[in-house]
Amino acid sequence: MTFAHPVLAFLAALSLPFAFVWRRMPIASRGDKPYRYSNLPFMTAALRSPRWPIAALDLACALALSLLLAACAGPRLRTLARVPAAVVFCIDTSGSMNARDVLPSRARAAAIAIRSFAGAMPSGTRAGIVAFAGDAQPIVGLTAERDAIIAALARIPAPNGQTAIGDGLLSAASMLPDSGPRAIVLITDGANNHGEDPRDAGRTLASSHIRLNAIIMGDAPFSQTLRSYALKTGIFFRVRGARDLTAPLAQIADTGFSAATVRDCTVPFTIAALCVGAAAWLAAAGAGRP
């Protein structure tokens with residue numbers, strides 16, 4: 001919960017105890033004044049009657065005032081809601097992806113992980129695939145058809161050649177729409193040695209507000225610029241086993257396609273203040289208290 005006017009919100013928080021104490025002060029001050037009663041049993045019964053209903057009324061009045069001040073402070077509620085998104089898998093198919101430190105191989109493990117992601121793809125999400133080695137080539141454009149994504153995995157070239165991470169990222173970015181939640185999932189062994197500078201690709205992603213999720217296979221060095229951008233906008237994860245791929249892709253599916261929405265809560269706060277205040281006034285009137 002945030003407030004458009006934090007000072008008023010602070011005053012609203014302080015008003016609750018102060019208003020309650022102020023409402024109770026007349027009751028306490030009357031305790032020192034002498035009173036005459038013609039009927040002693042009536043006086044004794046009155047003094048023994050519970051005082052909590054009056055205290056409850058005072059608390060309700062103080063709460064109504066606090067809610068009204070909180071409404072004037074402009075309360076805002078920020079929530080996350082899952083929304084349709086566009087994601088492009090940017091897959092390294094350079095020769096080093098043949099390595100078997102991740103079984104059955106880096107390339108095969110990546111394909112298996114993407115297949116699992118496609119099978120559990122959030123409703124409304126569109127996905128595409130770009131493969132890159134010495135250059136980048138689209139494998140399948142954005143589609144919400146899970147079967148099309150899975151079928152496209154068979155068309156990914158066998159690992160061979162150099163590693164052009166920058167080219168792959170730029171090709172993936174060109175497939176994404178101009179607005180809405182967008183993300184690139186980069187799966188690579190991390191060592192760029194050809195094509196566009198990955199730092200330039202990172203700046204292009206930043207200017208377009210495209211989220212980057214980087215999954216690095218093995219211990220190869222990786223661009224610090226892209227690592228920083230991935231940590232800022234998505235996830236950065238190093239994979240040293242086939243099972244390690246499950247966790248980052250599940251995290252992307254669960255939280256990577258949510259958008260923040262801000263709801264104005266001024267009206268609910270105002271209604272609550274009026275309802276509590278009206279209830280307290282009616283109860284006090286019924287009890288004969290001014």
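Count residues from 1 along the sequence. As a basis for the values below, the full set of heavy atoms in this structure was taken, side chains included, without hydrogen atoms, waters or symmetry mates. Everything numeric here is computed off the predicted structure, so don't read it as measured data.
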request  = State yes or no: do Val88 and Ile216 share one hydrophobic cluster built from I, L, V, M, F, W and Y residues joined by side-chain heavy-atom distances below 4.5 Å, directly or via other members?
outcome  = yes
request  = Report yes or no: does Ser174 contribute a side-chain atom to a donor-acceptor pair with the main-chain N or O of Ser171 at less than 3.5 Å?
outcome  = yes
ask   = Which heavy atom in Leu170 sits nearest to a heavy atom in Ala201, and how many Å separate them?
value = CD2-CA, 4.0 Å
query = With a 4.5 Å limit on heavy-atom distance, are the side chains of Pro177 and Leu142 in contact?
reply = yes
ask   = Does any N or O in the side chain of Thr93 come within less than 3.5 Å of the main-chain N or O of Phe132, such that one atom is a donor and the other an acceptor?
value = yes
ask   = Is there a path from Ile114 to Val140 through hydrophobic residues (I, L, V, M, F, W, Y) whose side chains come within less than 4.5 Å of each other?
value = yes
query = Looking at side-chain heavy atoms only, is the closest gap between Leu226 and Ile165 below 4.5 Å?
reply = yes
key: Atom pair OH (Tyr229) and CZ (Arg211), whose distance is rounded to the nearest 0.5 Å   = 9.5 Å
query = Where do Ala183 and Asn213 come nearest, in terms of heavy atoms and distance?
reply = CB-ND2, 3.9 Å
note = Residues at least two apart in sequence or cross-chain that pass salt bridge (charged side-chain N to carboxylate O under 4.0 Å, His left out) with Arg203, listed by chain then number, are Asp200
ask   = More than 12 heavy atoms of other residues, nucleotides or ligands under 6.0 Å from CZ of Arg108: is that the case?
value = no
request  = Test Arg182 against every option in Met175, His209, Arg126 by the side-chain contact (heavy atoms from CB on, under 4.5 Å) rule and name the one that passes.
outcome  = His209
inquiry  = Asp167: which residues meet the side chain to side chain donor-acceptor pair (under 3.5 Å) condition with it, sequence neighbours left out?
reply    = none
ask   = With no hydrogens and no angle check, is any side-chain donor or acceptor of Ser105 less than 3.5 Å from a backbone partner on Asn98?
value = no
inquiry  = Could you report the tightest heavy-atom contact between Gly168 and Val130, atom names first, then the distance?
reply    = O-CG1, 4.0 Å
Which side-chain N or O atoms in residues 153-162 pair as donor and acceptor under 3.5 Å with protein atoms at least two apart or in another chain?
from   : atom 1 : to     : atom 2 : distance (Å)
Arg155 : NH2    : Ile139 : O      : 3.2
Gln162 : OE1    : His194 : ND1    : 3.0

ask   = Which one of Leu231, Val185, Leu186 satisfies the side-chain contact (heavy atoms from CB on, under 4.5 Å) criterion with Leu212?
value = Leu186
task = Quick one: which residue pairs count as a salt bridge (Lys or Arg N to Asp or Glu O under 4.0 Å) with a foot in residues 263-279, not counting sequence neighbours?
result = Arg76-Asp264
inquiry  = Same cluster or not: Val276 versus Ile271, using hydrophobic residues (I, L, V, M, F, W, Y) connected whenever any side-chain heavy atoms lie under 4.5 Å apart?
reply    = no
request  = Taking all non-hydrogen atoms of both residues into account, name the closest pair between Cys265 and Pro268 and its distance.
outcome  = O-CD, 3.2 Å
key: Minimum heavy-atom distance Ala71-Thr266, with the two atoms named   = O-CG2, 3.5 Å
ask   = Under a 4.5 Å side-chain heavy-atom rule over Ile, Leu, Val, Met, Phe, Trp and Tyr, are Met97 and Ile215 clustered together?
value = yes
request  = Kindly confirm or rule out a cation-pi arrangement of Arg227 over Phe236, judged by NZ or CZ under 6.0 Å from the six-membered ring centre and within 45° of its axis?
outcome  = yes
message = Taking side chain to side chain donor-acceptor pair (under 3.5 Å) as the definition, give me every residue that meets it alongside Gln224, ordered by chain and number, with sequence neighbours left out.
response = none
request  = Taking all non-hydrogen atoms of both residues into account, name the closest pair between Phe222 and Thr188 and its distance.
outcome  = CE1-CG2, 4.1 Å
note = Residue set satisfying salt bridge (charged side-chain N to carboxylate O under 4.0 Å, His left out) with Arg199, at least two apart, ordered chain then number -> Asp197
query = Is it the case that one hydrophobic cluster holds both Ile235 and Leu176, taking links as side-chain heavy atoms less than 4.5 Å apart, direct or via other members?
reply = no
